[in-house]
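Everything on this sheet refers to the single structure shown next.
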Number of protein chains: 2
Amino acid sequence: MNDFTSPQTFPVKHIAESTVRRLSLYLRFLEEFEAKGHETISSGELAAFGGTTSAQVRKDLSFFGSFGKRGLGYSVKDLTAAIREILGLEHPWSVIIVGAGKIGAALAQYRGFSSRGFTVVGVYDKEPARVGLKLDGLVVRPESELERDIHRLKPQIAVITVPAEAAQALVDRVTAAGIKAVLNFAPAPLTVPDGVTLRAVNMATELEILAFTLTNGTTV
Amino acid sequence: MNDFTSPQTFPVKHIAESTVRRLSLYLRFLEEFEAKGHETISSGELAAFGGTTSAQVRKDLSFFGSFGKRGLGYSVKDLTAAIREILGLEHPWSVIIVGAGKIGAALAQYRGFSSRGFTVVGVYDKEPARVGLKLDGLVVRPESELERDIHRLKPQIAVITVPAEAAQALVDRVTAAGIKAVLNFAPAPLTVPDGVTLRAVNMATELEILAFTLTNGTTV
DNA sequence: GGGGGCTTGTGAAATCATTCACAAGCTACA
DNA sequence: TGTAGCTTGTGAATGATTTCACAAGCCCCC
């Protein structure tokens, strides 16, 4: 029972990361579906896109409420709104990128972020040669300004794209200054204080999982 | 019992992706450990690095054999070699990058790949303006050469970094030409023929998982 | 208004992954 | 040679996630 008349909170015990990851996927498909002008979608259709099963889709959603109509499926518009709210995308997030090397610069200019409500409010580098570079309207700023800017702009998320050996020190600085979530692209294990969320993306690991699968048959 | 005297095959039923991902991490820590001159390492030390437990480390390894000495731990050198062999890193892999935009160019120049046995043998783009660009010794080639080059150079892995709407057509082309594994950076769901492995990396999803955690408390 | 054909939402069952707990085995040293 | 102190390797237990299966509910049409 869910009438969408008021902002809801989703009283959550513990949600598996796999569920959250799939919700993010569903959201992407829903947006495509909406662009095509479809009004409703069934769990089976959503599952077909995402390579999962209709039961999985329904179970994922059931942790947060019931959003469909039996016999009919889901309103594309309403389900989109519901998932956006579940994921916390109803208000925009501010992101800083620490490290203006190849990856940092690529991310700073990546359209996929801004289109989903993540606004890059600062890009930082230690190298004087990179400070002042223009990346898509943003100017690379010196790392020494990090603390001041975090206090001023209050970004919630920091993306770390510096070399492995510099990563921990910078994470310490940005979390001390108030950053609450870190997305780490540096190939180094990082630790963060309690209350700060950390995720890591490691390109080499992704290729190594492919290598394992190629080597050991289709057994992942 | 495992004497490393002959190339082994690891007679594997089904290994969880989480296990393979951790093995890749362990490998990174082992290399650091080796660089520091340590000769042996215990499952507990390895676990401390990776934010897991000693039992998990031992269980992960136990799927492939026994590599340690009771009472002593693991020889850093031998375990490194064993994991490299498990992951299939004992011989080099050839990679092509399809799409020489920001992300593609960044990946083409990323040191982390070559240092782990992944050699980028070609970068491709459709845009005449990008064809001919030099990326770290590689010259961007026209997409029309894809099939010819795949037949000639026999790369096993393709990294897809083109816009979402172009991705499926290119995956169809490279898999038809013989590519056996695809790493997809395009924010689009792709399908591949049987026998081809597909993995996806989606930056927006990673940020959305962070947003969920920030919104819903520390419940992932 | 009633029946047929769908599709959701959800407990229960099955599968999969992690953690526990301990015997077995190694080294060091008396 | 025997004992103490570690650490591995691994079945068994626990915990988490996915799949199953079906009652409940909705729409359409007769």
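By convention in this document, chain letters (A, B, ...) are assigned in the order of the sequence lines, proteins followed by strands, and residues within each chain are numbered from 1. All values derive from a computational prediction rather than experimental measurement.
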Between atom CZ in A/Phe67 and atom P in C/dT8, what is the gap in whole Å? 14 Å
Would you call B/Arg21 and A/Glu206 a salt bridge, taking side-chain N to carboxylate O under 4.0 Å as the test? yes
Would you list the protein and nucleotides 23-25 of chain D atom pairs, both N or O, that sit under 3.5 Å from each other?
from	atom 1	to	atom 2	distance (Å)
D/dA24	N3	A/Arg70	NH1	2.9
D/dG25	N2	A/Gly71	N	3.1

Return the value, rounded to whole Å, for the distance between atom CD of A/Glu17 and atom C1' of C/dC16. 17 Å
Ion pair A/Glu147/A/Arg173, N-O distance below 4.0 Å: yes
Can you tell me how far C1' of D/dT8 sits from CG of B/Asp78, to the nearest Å? 15 Å
Testing the basics here: between A/Trp93 and B/Thr215, what is the closest heavy-atom pair and its distance to 0.1 Å? CZ2-OG1, 3.4 Å
Can you check the B/His14 NE2 to D/dT17 C1' distance for me, whole Å? 13 Å
Under 3.5 Å donor-acceptor, A/Thr161 side chain and A/Gly99 backbone: yes
Contact list for DNA chain D against residues 33-55 of chain B - heavy-atom distance below 4.0 Å: B/Ser42, B/Ser43
So, is B/Gln56 close to the C/dT19 phosphate, meaning a side-chain N or O under 4.0 Å from OP1 or OP2? yes
Assuming nearest nucleotide by heavy-atom distance, tell me which of A/Lys69 and A/Asp60 is located more 5' along DNA chain D. A/Asp60
In whole angstroms, how far is the C1' atom of C/dC16 from the CD1 atom of B/Ile15? 13 Å
Starting from C1' on D/dT17, measure out to CZ on A/Arg58 and report it in whole angstrom. 16 Å
Considering just the side-chain nitrogens and oxygens of A/Tyr74, establish if one lies under 4.0 Å of OP1 or OP2 belonging to C/dG9. yes
Does B/Glu90, at its CD atom, have more than 12 non-hydrogen atoms belonging to other residues, nucleotides or ligands within less than 6.0 Å? yes
Tell me which one of B/Thr52, B/Thr80, B/Asp60 satisfies side chain to side chain donor-acceptor pair (under 3.5 Å) with B/Tyr26. B/Asp60
Please tell me which of the listed nucleotides, C/dT19, D/dT17, C/dG9, lies nearest to the side chain of B/Lys59? C/dT19
Between B/Glu208 and B/Thr205, does any side-chain donor sit less than 3.5 Å from a side-chain acceptor? no
By salt bridge (charged side-chain N to carboxylate O under 4.0 Å, His left out), A/Arg111 pairs with (sequence neighbours left out) A/Asp136
Under 3.5 Å donor-acceptor, B/Asp78 side chain and B/Ala82 backbone: no
When rounded to whole Å, the CZ to P distance for the pair B/Phe63 and C/dA17 reads 8 Å
